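Here the structure is a predicted model, which is why all the values come from computation and not from measurement. As the structure lists them, so they are numbered: ligands from 1, and atoms in each ligand from 1.
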Amino acid sequence: MSLFLDQFTTTLPGMRVRFGAGVRHKVGEEMDTLGLSRALILTTPQQADTGAEFAALLGPRAAGVFPKAAMHTPIAISEEATALALESGADCLLAIGGGSTTGLGKAIALRTDLPQIVIPTTYAGSEATAILGQTENGQKTTITTPKVRPEVILYDAELVRTLPVSMTVTSALNAMAHAAEGLYAQNRSPVSTLMAIEGLRAFHDALPRVLDTPDDLHARGETLYGAWLCGTVLGTVGMALHHKLCHTLGGSFDLPHAETHAIILPHAIAYNETAAARELAPINEIFGGIRPGQALHAFATSMKAPTALRDLGLREADLDRAVDLATRNPYWNPRSVTPTALRRLLQDALEGREP
Ligand code: NAD
């Protein structure tokens, strides 16, 4: 049976995507195609060496390197980088890294309209969305605007080889969460569902091979393919309980982004699996079993993903506040979100129980 729906609307953004081991060397070619001549290179402090390699690769076409990207895109850092972009005469941005670096590129683009070329080195998927989260004084705000959508993405499997195995797993589960929630999104389309299913399949097939042989370029490339598809789903349809809960836990309890997604995913999907049984059925087909939450939990456990929020520093005493914060602003979810059921979900996730 095809995925056709009687009614749907979809906007497919114009975005250029290139895959291939070594494709990062084509960045100059991509700049030429867009008529660009000077790129400000962005990285985190931890990936400053990679930034320097790109500066050497681009030679006079590098307008500078700004190696200060940080988690949750602090506004003060974005403003410092924006000033440098303007001073240096850059006519584009080259972000190399995970969601934090991509976020910095988007924040500068929001302020300057400079085009962005992104070379992702994790599976977070931010490069495929028009969403920007920013923080100031401990408050995280999210905006969605085409102004922050990158123009070009280069997925180079050679650059994810250095991603440590533990981050590889949590980042993959972070990506898979976009696809899993995309399956039951109210505004899903046959195309978003196709992408979600294919993205989940790519991770199911390639992640075990990456863990066996972390520098297997074919398997790494396939996980990047999954990241692109899952990120595109995130950028195309609305998210629900899983993403709202992770947003609360990250924003108010300072829990790390990818690990939190990895732990919550099986629980959020189990919470919704009866209300969205038909929509979530592809998870059973890909991962096996008859309960999608359990199937994802079994997959995560077999990949040695973290399973207990306690291990990230959350305490039992935090749970009531987490429930309060996560139910304060109502949002659509396939099953209504009640404080009692959410408290039970969080207790299970705190202790690392099977959902
Ligand atoms: P990250 O970008 O913060 O990276 C984590 C660490 O890993 C950093 O120190 C980074 O330098 C390092 N790293 C990245 N790639 C590496 C590699 N290949 N080898 C070695 N080290 C590497 O983490 P993330 O999980 O990719 O991104 C999280 C951030 O992205 C959060 O702030 C989240 O809110 C945001 N995000 C935004 C969207 C969106 O659509 N706006 C989507 C997903 C995530």
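The atoms of ligand 1 that sit less than 4.0 Å from any heavy atom of Leu234 are 40 (O), 42 (C). Residue His72 approaches ligand 1 through these ligand atoms, each under 4.0 Å from one of its heavy atoms: 32 (O). For ligand 1, the atoms lying closer than 4.0 Å to a non-hydrogen atom of Gly98 are 2 (O), 26 (O). Counting atoms of ligand 1 from 1 in the listed order, those under 4.0 Å from a heavy atom of Ser126 are 37 (C), 38 (C), 39 (C), 40 (O), 41 (N), 42 (C). Those atoms of ligand 1 that come under 4.0 Å of a heavy atom in Met167, given as number and element, are 5 (C), 7 (O).
Atom OG1 of Thr122 and atom CD of Glu127 lie 7.0 Å apart (nearest 0.5 Å). Between Arg188 atom CZ and Thr10 atom OG1 the span is 13.0 Å, to the nearest 0.5 Å.
Remark: minimum distance from atom 11 (O) of ligand 1 to any protein heavy atom is reached at Thr44 OG1, 2.6 Å. In terms of protein heavy atoms, atom 3 (O) of ligand 1 is closest to Ser100 OG, 2.5 Å. The nearest protein atom to atom 40 (O) of ligand 1, hydrogens excluded, is given as Thr129 OG1, 2.7 Å; this is a heavy-atom distance.
Under 4.0 Å from ligand 1, not a single heavy atom of Arg161 appears. Residue Thr162 touches ligand 1 through backbone and side chain together, judged by heavy-atom distances below 4.0 Å. By the criterion of a heavy-atom distance under 4.0 Å, the side chain of Lys140, and not its backbone, is placed next to ligand 1. Looking at Leu159 against ligand 1, only its backbone comes within 4.0 Å, counting heavy atoms. When non-hydrogen atoms are compared, ligand 1 lies under 4.0 Å from the backbone of Thr121 as well as from its side chain.
By heavy-atom distance, the residue among His243, Arg220, His257 lying nearest atom 28 (C) of ligand 1 is His257. Of the options Gln47, His178, Arg149, the smallest heavy-atom separation from atom 16 (C) of ligand 1 is shown by Gln47.
Crowding of Asp254 atom CG: a count of heavy atoms from other residues, nucleotides or ligands under 6.0 Å not exceeding 12.
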Just list the side-chain donor-acceptor pairs under 3.5 Å for residues 56-77, sequence neighbours left out, or say none.
residue, atom, partner, partner atom, Å
Arg61, NH1, Asp32, OD1, 2.7
Lys68, NZ, Glu80, OE2, 2.5
His72, ND1, Lys140, NZ, 3.4
Thr73, OG1, Gly133, O, 3.1

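Between the Asp216 side chain and the Val210 main chain, no donor and acceptor come within less than 3.5 Å of each other.
Proximity of the aromatic rings of His243 and His247 is defined here by a centroid distance below 6.0 angstrom, and this criterion is not met.
When only modelled atom types and interatomic distance are considered, Gln47 and Thr101 share no side-chain donor-acceptor pair under 3.5 Å. A donor-acceptor contact closer than 3.5 angstrom is absent between the side chains of Thr248 and Arg328.
Hydrophobic cluster of Val191: the remaining members, joined at side-chain heavy-atom separations below 4.5 Å, are Leu12, listed by chain and number.
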